[in-house]
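Read through the structure below, which is laid out as structure tokens, and then see the notes.
Heavy atoms only: backbone and side chains are in, while hydrogens, waters and symmetry mates are out. Whatever order the structure lists them in is the order used to number ligands and atoms, beginning at 1. Residue numbers count from 1 along this sequence. From a predicted model like this one, the values you see are computed outputs, not experimental measurements.
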Amino acid sequence: MSGQPAIVATDLSFSYGDHRAVDGVTFAVAPGEILGFLGPNGAGKSTTIKMLTGQLAPGGGTVEVLGLPMPARRTEIQSRIGVCFEEKNLYPAMSAAENLRFFARLFGIRGFDPAPLLERVGLAERAKDRVSDFSKGMRQRLMMARALVNTPDVLFLDEPTDGLDPVSARTIRALVVEETRRGAAVLLTTHDMVEADELSDRVAFINAGRVLVLDTPERLKLAHGERSVRVRSLGSDGAVAEHLVLLDAADTAERIGAAVRAGEVLTVHTEEATLEDIFVLYAGRGLAS
Ligand SMILES: Nc1ncnc2c1ncn2[C@@H]1O[C@H](COP(=O)(O)OP(=O)(O)OP(=O)(O)O)[C@@H](O)[C@H]1O
């Protein structure tokens with residue numbers, strides 16, 4: 001498997017009736033890599049993921065997961081991937097532990113012990129409680145545990161931290177990173193650009209069914225963002241002055257020096273373009289729906 005991409009989408013397309021939801025999408029995700037798949041509502045992310053996970057047959061183009069063609073080898077692929085989509089994948093009348101055991105049985109895993117996974121998602125204490133009594137954050141963490149039951153080589157995560165409190169969101173983000181350390185490839189959709197920036201090795205911006213750009217967050221920000229330093233200082237006259245110095249100008253060093261000498265320095269902040277800024281540059285619109 002080494003060196004070979006875990007997910008390869010080539011010229012994928014799909015239409016609902018006359019509406020072309022996915023229009024020539026091409027990308028690959030390597031083992032251990034997180035690809036952030038970012039775009040506004042209706043951009044075609046879910047439709048693409050459905051083709052990658054075998055829920056929809058591609059209208060055009062090809063999908064390979066773990067070197068196997070989808071949907072031809074769907075059953076084999078599905079036994080080696082994990083998906084975290086919607087709550088409906090959980091059985092509310094069962095306990096957290098029973099849910100995980102149930103999915104382990106579907107995967108044909110013998111002697112499955114749900115305890116370590118429940119521990120990892122912070123639900124060890126609630127193992128025997130019915131999922132119907134769980135909060136949204138607890139269900140979401142259980143969904144994540146469910147996605148990991150078969151120790152997948154590829155994870156498809158659709159908004160895994162949507163609507164979660166900061167602690168639950170952090171638990172999920174840490175799990176995602178742990179999974180990549182053991183070599184799992186991750187395709188992650190999120191509307192949270194800070195999260196995308198923090199987690200993604202590369203990001204793909206998708207809009208109207210097309211990939212607009214695919215690169216590392218760092219390269220996108222360097223190529224398209226104006227980096228700057230903002231110095232606030234207190235002058236001898238008691239007035240607060242603010243100096244904004246662009247980092248890529250020829251006289252940057254002198255200007256920062258002058259800003260710092262202008263008075264008693266109160267704060268110094270570096271600023272760079274955000275992924276949201278860059279999306280607007282490419283799409284001519286923001287990520288909000
Ligand atoms: N079952 C369906 N029938 C008809 N049109 C659909 C269907 N599902 C999605 N679409 C349309 O296809 C386009 C892409 O939708 P998709 O759900 O893939 O977008 P998305 O990027 O996942 O959006 P979101 O961020 O809201 O999940 C949208 O215009 C949507 O209205």
- When only distance counts, is G39 in polar contact with ligand 1, meaning an N/O pair under 3.5 Å? no
- Query: Between D133 and R130, is there a side-chain N and carboxylate O pair less than 4.0 Å apart?
  - Reply: no
- Message: Would you compute the distance between atom CG of L68 and atom CZ of R73 and round it to the nearest 0.5 angstrom?
- Response: 4.5 Å
- To which protein heavy atom is atom 29 (O) of ligand 1 closest, and what is the distance rounded to 0.1 Å? H19 NE2, 2.9 Å
- Return each pair, listed once, that meets side-chain hydrogen bond (donor to acceptor under 3.5 Å, both in side chains) where at least one residue sits in residues 109-125; pairs must be two or more places apart or across chains. R120-E178, R120-E179
- Note on the structure: The closest protein heavy-atom partner of atom 27 (O) of ligand 1 is S46 OG, 3.4 Å
- Message: Checking the N or O distance criterion of under 3.5 Å, is ligand 1 in contact with N41?
- Response: yes
- Message: Tell me whether A21 has any N or O atom under 3.5 angstrom from an N or O of ligand 1.
- Response: no
- Message: Please report whether the ring centroid of F156 lies less than 6.0 Å from that of F85.
- Response: no
- Task: Report the distance from atom CD of E33 to atom CG of L187, rounding to the nearest 0.5 Å.
- Result: 10.0 Å
- Message: Yes or no: does K50 have any heavy atom under 4.0 Å from an atom of ligand 1?
- Response: no
- Take atom CD of E254 as the centre, draw a 6.0 Å sphere, and report whether it contains more than 12 heavy atoms from other residues, nucleotides or ligands. yes
- Note on the structure: In ligand 1, the atoms that come under 4.0 Å of a heavy atom of H191 are 25 (O)
- Task: Might you point out which heavy atoms bring P217 and D201 nearest each other, and give the distance in Å?
- Result: CD-O, 3.5 Å
- Protein contact of atom 19 (O) of ligand 1 - nearest heavy atom, named by residue and atom, plus distance: G44 N, 3.2 Å
- Task: Using a 4.5 Å cut-off on heavy atoms from C-beta on, say whether the side chain of V240 contacts that of R232.
- Result: yes
- Task: Measure the distance from atom 3 (N) of ligand 1 to every protein heavy atom, then report the residue, atom name and distance (to 0.1 Å) of the closest one.
- Result: Y16 CD2, 3.5 Å
- Message: How far is atom 25 (O) of ligand 1 from the closest protein heavy atom, and which atom is that?
- Response: K45 NZ, 2.8 Å
- For A43, the ligand 1 atoms whose distance to one of its heavy atoms is below 4.0 Å: 19 (O), 20 (P), 21 (O)
- Which residue owns the protein heavy atom closest to atom 16 (P) of ligand 1, what's the atom, and how far is it? T47 OG1, 3.6 Å
- Task: Answer yes if a protein heavy atom lies under 4.0 Å from atom 6 (C) of ligand 1, otherwise answer no.
- Result: yes
- Query: Of G17, S15, G42, G209, which has the heavy atom at the shortest distance from atom 14 (C) of ligand 1?
  - Reply: G42
- Task: Run the salt-bridge test on K45 and D158 with the 4.0 Å N-O cut-off and return the result as yes or no.
- Result: no
- Message: Taking L164's backbone N and O only, do any of them form a donor-acceptor pair with S168's side chain (distance below 3.5 Å, no angle check)?
- Response: no
- Item | Min heavy-atom dist P40 to ligand 1 below 4.0 Å | yes
